[in-house]
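See structure below.
Just so it is clear, the values below take in all heavy atoms, side chains as well, and ignore hydrogens, waters and symmetry mates.
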Number of protein chains: 2
Amino acid sequence: MEQASPALRTKPTRQRFDDRAVSEIIGYQLRRAQIQIFQEFMARFASFDMRPSEYSVMALIASNPGSKQIAIAEALGIKRANFVALINTLEARGLVERRQPANDRRSHALFLTSIGISLMEKLDAAQAEFEADCIARLGGTAERDQLMELLSRLTDQR
Amino acid sequence: MEQASPALRTKPTRQRFDDRAVSEIIGYQLRRAQIQIFQEFMARFASFDMRPSEYSVMALIASNPGSKQIAIAEALGIKRANFVALINTLEARGLVERRQPANDRRSHALFLTSIGISLMEKLDAAQAEFEADCIARLGGTAERDQLMELLSRLTDQR
DNA sequence: TATTGTTATACTCTATAACTATA
DNA sequence: TATAGTTATAGAGTATAACAATA
């Protein structure tokens, strides 16, 4: 039994929950949106067994082949210590290759393998589709640009 | 030695790193912005020993006193199993109180203690300051509203 | 049977310190 | 001395399963 007669309920109209104390906070909505977008990304990329961080690493190696580990890691805000396992995984899957540069034998130059390159084509296509969906939800590319501008204003200074 | 004479460098103009493959992705910028805003929140609230999740829990209890644990947890997207330790911490600090409702002895009704209430005043003031800073960075309340609207468009459907 | 809170557990992310090999 | 990569480790955050008490 959920409630008595409409006339004499103990729980009147089930007093609504008031979440404005958090829902009106920019940072809170930013986080909720980010979580949902990442969950969607993971669902869409599950068949490729690719998480956002792995995709971003592959994408940066693709456009900056031969980069040192630390260059990719720092661009993504990943500590070099945590980057090792990430690259190990991608290398074990045959997607990424560490090469020894002759001029600096401390560092590892990163490249996509041919398998990595062909997978990257599919990943980029899937990402483009996802991005198009996001843009459609926003209302168009003008709104996308607006959002990106607002996000950069939020982060630019400091 | 960083480089040879300007005329015959091995590393020409230090070929710029191209991060457009990720920086032009909505989800990526969303995440970077969220991380930075949360880091700023943590810095600003460090003196109160309050993390974003703890603040959000206290804020929802304040505006919905007597709520069950599961109501607060679900509103914030926290699993009830993980919510236990969170409330334990706040209760141990004397900020939150679990009370036994007579009508449903399975549940715990949550309330702020008087200490919790007076701390909440300071927290809300600090949060209002932080929010004002964010709004100023965005360019004003119109831009804040725009951002919130765009974020909700991104998440509304599905 | 279903719900609420709880415990235990595991997995991912993230952060720090210390080591190695090279520069 | 400093840098690049690595290892080990510890702390959050998050996810699932199972249990006790109660509805």
Side-chain angles (χ1 to χ4, degrees), chain A residues 1-4 10-11 31-32 34-36 38-39 41-43 45-46 49-57 61 66-92 96-110, chain B residues 1-4 10-11 31-32 34-36 38-39 41-43 45-46 49-57 61 66-92 96-110:
Chain A
M1 73 181 75
E2 249 301 290
Q3 56 189 38
T10 314
K11 306 170 184 172
R31 174 150 176 77
R32 296 299 290 240
Q34 184 264 307
I35 289 170
Q36 190 188 306
F38 265 49
Q39 280 173 341
F41 182 100
M42 289 186 282
F45 284 75
D49 192 16
M50 269 284 137
R51 275 161 294 183
S53 60
E54 294 171 329
Y55 172 76
S56 64
V57 167
I61 295 174
S67 291
K68 293 186 292 185
Q69 290 187 189
I70 201 167
I72 305 288
E74 280 182 354
L76 294 171
I78 301 173
K79 303 277 176 200
R80 72 188 196 282
N82 298 325
F83 195 72
V84 176
L86 221 169
I87 289 293
N88 285 348
T89 303
L90 295 175
E91 194 173 41
V96 162
E97 194 188 354
R98 283 168 164 113
R99 284 190 216 152
Q100 185 84 255
N103 55 320
D104 185 347
R105 289 173 33 241
R106 291 172 304 182
S107 68
H108 290 161
L110 298 176
Chain B
M1 72 180 75
E2 247 304 286
Q3 56 188 38
T10 314
K11 306 169 186 173
R31 174 150 176 77
R32 297 299 291 240
Q34 184 265 306
I35 289 171
Q36 190 188 306
F38 265 49
Q39 282 174 340
F41 182 100
M42 290 187 281
F45 285 74
D49 192 16
M50 269 283 136
R51 276 161 294 184
S53 60
E54 294 171 328
Y55 172 75
S56 64
V57 167
I61 294 174
S67 291
K68 293 186 292 186
Q69 289 187 189
I70 201 168
I72 305 288
E74 280 182 352
L76 293 171
I78 301 173
K79 302 278 176 199
R80 71 187 196 282
N82 298 325
F83 194 72
V84 176
L86 222 169
I87 289 293
N88 285 347
T89 302
L90 295 175
E91 194 173 40
V96 162
E97 194 189 353
R98 284 169 165 110
R99 285 189 216 153
Q100 184 84 255
N103 55 321
D104 184 347
R105 289 174 31 240
R106 291 172 304 183
S107 66
H108 290 161
L110 298 176

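Smallest separation of non-hydrogen atoms from B/Arg99 and B/Pro101: O-CD, 3.3 Å.
For a distance-only test at 3.5 Å, the side chain of A/Asn82 qualifies as a donor-acceptor partner of the base of C/dA15. Under 3.5 Å, the side chain of A/Arg106 and the base of D/dT3 form at least one donor-acceptor pair of N or O atoms.
A straight line from CG of A/Leu90 to C1' of D/dG5 spans 16 Å, rounded to a whole angstrom. Atom CG in A/Leu86 sits roughly 8 Å away from atom P in C/dC13 (whole-Å rounding). Following rounding to the nearest Å, A/Lys79 (NZ) and D/dA12 (C1') show an atom-to-atom distance of 15 Å. For the pair B/Phe83 CZ and D/dT14 P, the interatomic distance rounds to 13 Å; values are reported in whole Å. For the pair A/Phe38 CZ and D/dG13 P, the interatomic distance rounds to 18 Å; values are reported in whole Å. Protein atom CD of A/Gln34 is 14 Å distant from nucleotide atom P of D/dG13, rounded to whole Å. Rounded to whole angstrom, the span from the CG atom of B/Asp49 across to the P atom of D/dA12 amounts to 10 Å. Straight-line distance from the CD atom of A/Gln100 to the C1' atom of C/dA21: 10 Å, rounded to whole Å.
At the phosphate of C/dT16, neither OP1 nor OP2 sits under 4.0 Å from any side-chain N or O atom of A/Arg80. The side chain of B/Gln69 places no N or O atom within less than 4.0 Å of a non-bridging phosphate oxygen (OP1 or OP2) of C/dT3. Proximity of A/Lys68 to the phosphate of D/dA4: a side-chain N or O atom is located under 4.0 Å from OP1 or OP2.
Distance from the side chain of B/Arg105 is smallest for D/dT22 among the nucleotides C/dG5, D/dT22, D/dA4. In the set D/dG13, C/dT7, C/dC13, the nucleotide with an atom closest to the side chain of B/Arg51 is D/dG13. Nearest nucleotide to the A/Ser107 side chain, out of D/dT6, C/dT7, D/dG5: D/dG5. Among the nucleotides C/dA15, D/dT16, D/dA23, the one closest to any side-chain atom of B/Gln39 is C/dA15. Closest to the side chain of B/His108, from the set C/dA17, C/dG5, C/dT7, is C/dG5.
Between A/Phe83 and A/Ile70, the closest side-chain pair of non-hydrogen atoms is not below 4.5 Å. Residues A/Arg80 and A/Gln69 form no side-chain contact, since every pair of their non-hydrogen atoms from C-beta on lies 4.5 Å or further apart.
Nearest-nucleotide positions on DNA chain D for B/Pro101 and A/Ser67 put A/Ser67 closer to the 5' end. Looking at which nucleotide of DNA chain D each of A/Arg31 and A/Arg98 is closest to, the 5′-most match is held by A/Arg98. A residue-by-residue look at A/Asp104 and A/Ser53 shows that A/Ser53 has its nearest nucleotide of DNA chain C further toward the 5' end.
For A/Glu74 (side chain) and A/Ala71 (main-chain N/O), no donor-acceptor pair under 3.5 Å exists by modelled atom type.
Using a 30° and 60° split on the angle between ring planes, A/Phe45 and A/Phe41 fall in the parallel class, below 30°.
Between the CD1 atom in A/Ile78 and the CD1 atom in A/Ile87 there is a gap of 8.5 Å [rounded to 0.5 Å].
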